[in-house]
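Notes to accompany the following structure.
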There are 2 protein chains.
Amino acid sequence: MAPRTRTRGVTLEDIAQRVGITRAAASMALADSTRISEKTKRAVREAAAELGYVPNSAGRALRRQRAGAIALIVPNTSHHVFGHTYFMHVLTGVSSSANAHDVQVIVSTNADEAGRASAFERIIRSGTADGVIVTAAPVDDANVETLVASGLPVVLLGNFPYLPEATSVGADDVAASRLVTEHLLTVHGRTRLLHVSGPLDHQTGIDRREGFLAALAGHGLADEAWVVEGDMSEESGAAAVVAALDSGRPFDGAVFANDDMAFGAMQVLRARGLDVPTDVAVVGFDDFGLARTTTPGITTMRVSAEQMARIATDTLFAILAGQQAGPLHQELPVQLVTRDSCGCPAPFPRGQAAAPWADTAVTP
Amino acid sequence: MAPRTRTRGVTLEDIAQRVGITRAAASMALADSTRISEKTKRAVREAAAELGYVPNSAGRALRRQRAGAIALIVPNTSHHVFGHTYFMHVLTGVSSSANAHDVQVIVSTNADEAGRASAFERIIRSGTADGVIVTAAPVDDANVETLVASGLPVVLLGNFPYLPEATSVGADDVAASRLVTEHLLTVHGRTRLLHVSGPLDHQTGIDRREGFLAALAGHGLADEAWVVEGDMSEESGAAAVVAALDSGRPFDGAVFANDDMAFGAMQVLRARGLDVPTDVAVVGFDDFGLARTTTPGITTMRVSAEQMARIATDTLFAILAGQQAGPLHQELPVQLVTRDSCGCPAPFPRGQAAAPWADTAVTP
DNA sequence: GCACGCTGCTGAATCGATAAAGCAGACCGA
DNA sequence: TCGGTCTGCTTTATCGATTCAGCAGCGTGC
């Protein structure tokens, strides 16, 4: 971005000249100060409307020491995270809260790992944004730790039990995973279960595995625990099931840490001539869109990423307003949504058009 | 956003004091000016690193009269557009180009219709962003017209034949729709075709219908043209097919203006005991993700929204750099991706795991 | 031996908005 | 009639970064 003949913008000075006052008075008039007469205020507002005045945000930000913007940061530039449907829901949630506060949303990937300061810090220290929401940070991300330690206004999406000083909003993954696993155990009587986890350097992967193990333990099946690590991708779900099948060890149910992996797995199972749910009952996690559209539909734990993001953003605004002092951890409940893949009676007879809103939802 | 004890940031003044020069010299040193000695530059760079100096973006923007940011604007706050997978692809494309130019991306919905100036204008006139990318604007959006007329740096996503002064990047929807329709006509010998269009106040809806009609006309079937208007939602696709079936008029193929509607329709067809593709061959449009995961997979025209967005953003930067003078219209080709829903032999025998990359792609 | 040019900085101005202090004139009560 | 309070502005300073005109001091050419 270099030259360009830019149309000079309309400033307060222009309004002031037009009305015959100083720009300070114009500013006060637009701010509806009690120290300005109604008559002048009217004149200023009229002039502003006629000239199409829009306050310059850099000028305002500089003076107020506040950018009027927050940033949504995605640590790994990895296409996987950024391109995921999850992100769309998060963005929707953040936007709706930000709009309500009349604040801009900056979306940023942590591209400049090279520089000493992480994208988080740069963006806050430069005053580009007043605070940040960080999504999908891995457990070992040092940047997140230093950021939290620096005391800047940040809210993390997800759970960070090892960062007690951090403010975060996550889903109750352990309880959720335990619930969906127990669904397979008790409702469908499946006892030989496989778990394909998420990457174990993300808290989500750890927690969902823990919930799975807890459910097994609760049924005296701790010794039967069988976990394969995936990476949340469709391919890794497929690969995990290929490996499981080839190992020869039998299983009649599988709990996946997300729907993408469950979908990848279902394709493999079908290709091997195994029926879902008859031969293997499958459950996923997230319900960000995919689970509803596959055949069979995937039974899953619905995580409202949008709600999480909205709460996180509201919390960020509370922090910025000085209404939230110490660190705060919020965990949202998660909802079991049953579909065909676990063997539950489909909400509508198989093959009949099932409306999206017709899924059976059970709140834990 | 009100009070808050903010840690005072590190400014040029701090660096200058530390090194024992003025802040002007410090600025020039960091800019690698030839008028500053190597020794001083080194000292300044060291001090900057030690203090963790990050230039204040408001100060810089104010002085340079350039924000260092661009905005991605979504006109309708309608959840449908914002929540659509399409948007994710667009954001990915815009981000990648913006990152390459070291510029921030602001995501904005056109929330304040109430105000006189549209979100587009406000955001540019306030200097918050140096230019904007506008997605999914309806044909009758007056804001877009005034914006284009105002000569501000804007690139529209989509085709705007009625706005010759606009710079835009779109897909060749007419050719694409014609191609996919002809696929049904010639490859699969379907002649009684239904088209479920998108909303006809969007150019996309108009163009895809036109391509459909052109294909029919090319085969002497102009009189057989049967078009129902949908709104790109799954529900409207389902409703359109319900109406078509109930009308009693037979059809053996259906062309949908996007994959969501095709999916909604397939559910209805299945519920009515009709097989896709045997009884009705179905084709969709977009291939943003859904089409690959349904059963049967949906044959569709792949539109690379990400590429479109990247090109649009690159074009915006060219405009900002003064390298692009007049309006420029770019139309990208679109790719036919055959899957099961049209009756094409599946790339892999039905029921076998089909890897995502194994779809058959045909470039028009 | 002196003007001239170069090097390497300083000083001052600017970008636009806004907060705080200041200052006329009107008005009021005593 | 005079101190005092309002009203309705104006003046001035500030937020950080950057640019441009100056201006010392030094070396060089003739």
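Lettering of chains follows the sequences in order, A, B, ..., and the numbering in each one begins at 1. Predicted model, so just to flag it, every value in this text is computed and none were measured.
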### Task
Using only side-chain N and O atoms of B:Arg64, determine if any of them is under 4.0 Å from OP1 or OP2 of D:dT18.
yes

### Query
Is the shortest side-chain N/O distance from A:Gln65 to OP1 or OP2 of C:dT18 below 4.0 Å?
no

### Message
Counting only heavy atoms from other residues, nucleotides and ligands, does the tally under 6.0 Å from CG of B:Asp32 exceed 12?
### Response
yes

### Message
Contact between A:Leu157 and A:Tyr86 at the side-chain level, heavy atoms closer than 4.5 Å - yes or no?
### Response
yes

For [X] and [N], what is the distance between atoms [atom1] and [atom2] respectively, to the nearest whole Å?
X: A:Ile15; N: C:dA17; atom1: CD1; atom2: C1'; value: 11 Å
X: A:Arg66; N: C:dA19; atom1: CZ; atom2: C1'; value: 13 Å
X: A:Arg125; N: D:dA17; atom1: CZ; atom2: P; value: 14 Å
X: A:Leu62; N: D:dA17; atom1: CG; atom2: C1'; value: 9 Å
X: B:Asp32; N: D:dT19; atom1: CG; atom2: P; value: 13 Å
X: B:Leu12; N: C:dC15; atom1: CG; atom2: P; value: 19 Å
X: A:Lys39; N: D:dT7; atom1: NZ; atom2: C1'; value: 14 Å
X: A:Glu13; N: C:dT18; atom1: CD; atom2: P; value: 14 Å

### B:Ser150/B:Arg125 under side chain to side chain contact (heavy atoms under 4.5 Å, CB included): CA gap, chis, key distance, verdict
CA-CA 11 Å; B:Ser150 70; B:Arg125 293 203 191 282; 4.2 Å; yes

Quiz: residues 47-60 of chain B side-chain donor-acceptor pairs under 3.5 angstrom, not counting sequence neighbours:
| residue | atom | partner | partner atom | Å |
| --- | --- | --- | --- | --- |
| B:Glu50 | OE1 | B:Arg18 | NH2 | 2.1 |
| B:Asn56 | OD1 | B:Ala58 | N | 2.8 |
| B:Asn56 | OD1 | B:Gly59 | N | 2.8 |
| B:Ser57 | OG | A:Ser126 | O | 3.2 |
| B:Ser57 | OG | A:Thr128 | N | 3.4 |
| B:Ser57 | OG | A:Thr128 | OG1 | 3.1 |

### Task
Please name all residues satisfying salt bridge (charged side-chain N to carboxylate O under 4.0 Å, His left out) with B:Arg310, sequence neighbours left out, ordered by chain then number.
B:Glu306

### Task
Would you list the pairs meeting side chain to side chain donor-acceptor pair (under 3.5 Å) in which at least one residue belongs to residues 315-325 of chain B, sequence neighbours left out?
B:Thr315-B:Gln330

### Task
Find the bend of the helix from C:dG1-D:dC30 to C:dA30-D:dT1 as the angle between its two terminal axes (five pairs each), to the nearest 10°.
60°

N/O contacts under 3.5 Å, protein versus nucleotides 6-13 of chain C?
| residue | atom | partner | partner atom | Å |
| --- | --- | --- | --- | --- |
| C:dG8 | N7 | B:Arg35 | NE | 3.3 |
| C:dG8 | N7 | B:Arg35 | NH2 | 2.8 |
| C:dG8 | O6 | B:Arg35 | NH2 | 2.7 |
| C:dC9 | OP1 | B:Thr40 | OG1 | 2.7 |
| C:dC9 | OP2 | B:Ser37 | N | 2.8 |
| C:dC9 | OP2 | B:Ser37 | OG | 3.0 |
| C:dC9 | OP2 | B:Thr40 | OG1 | 3.1 |
| C:dT10 | OP2 | B:Thr22 | N | 2.9 |
| C:dT10 | OP2 | B:Thr22 | OG1 | 3.0 |

### Query
Which residues satisfy the side chain to side chain donor-acceptor pair (under 3.5 Å) test with A:Asp314, sequence neighbours excluded?
A:Ser97

### Query
Can you list the steps and then say if A:Val134 with A:Phe160 is a side chain to side chain contact (heavy atoms under 4.5 Å, CB included)?
CA-CA 12 Å; A:Val134 178; A:Phe160 296 80; over 6 Å; no

### Query
Is a side-chain N or O of A:Asp14 found less than 3.5 angstrom from the main chain of A:Thr11, in a donor-acceptor match?
yes

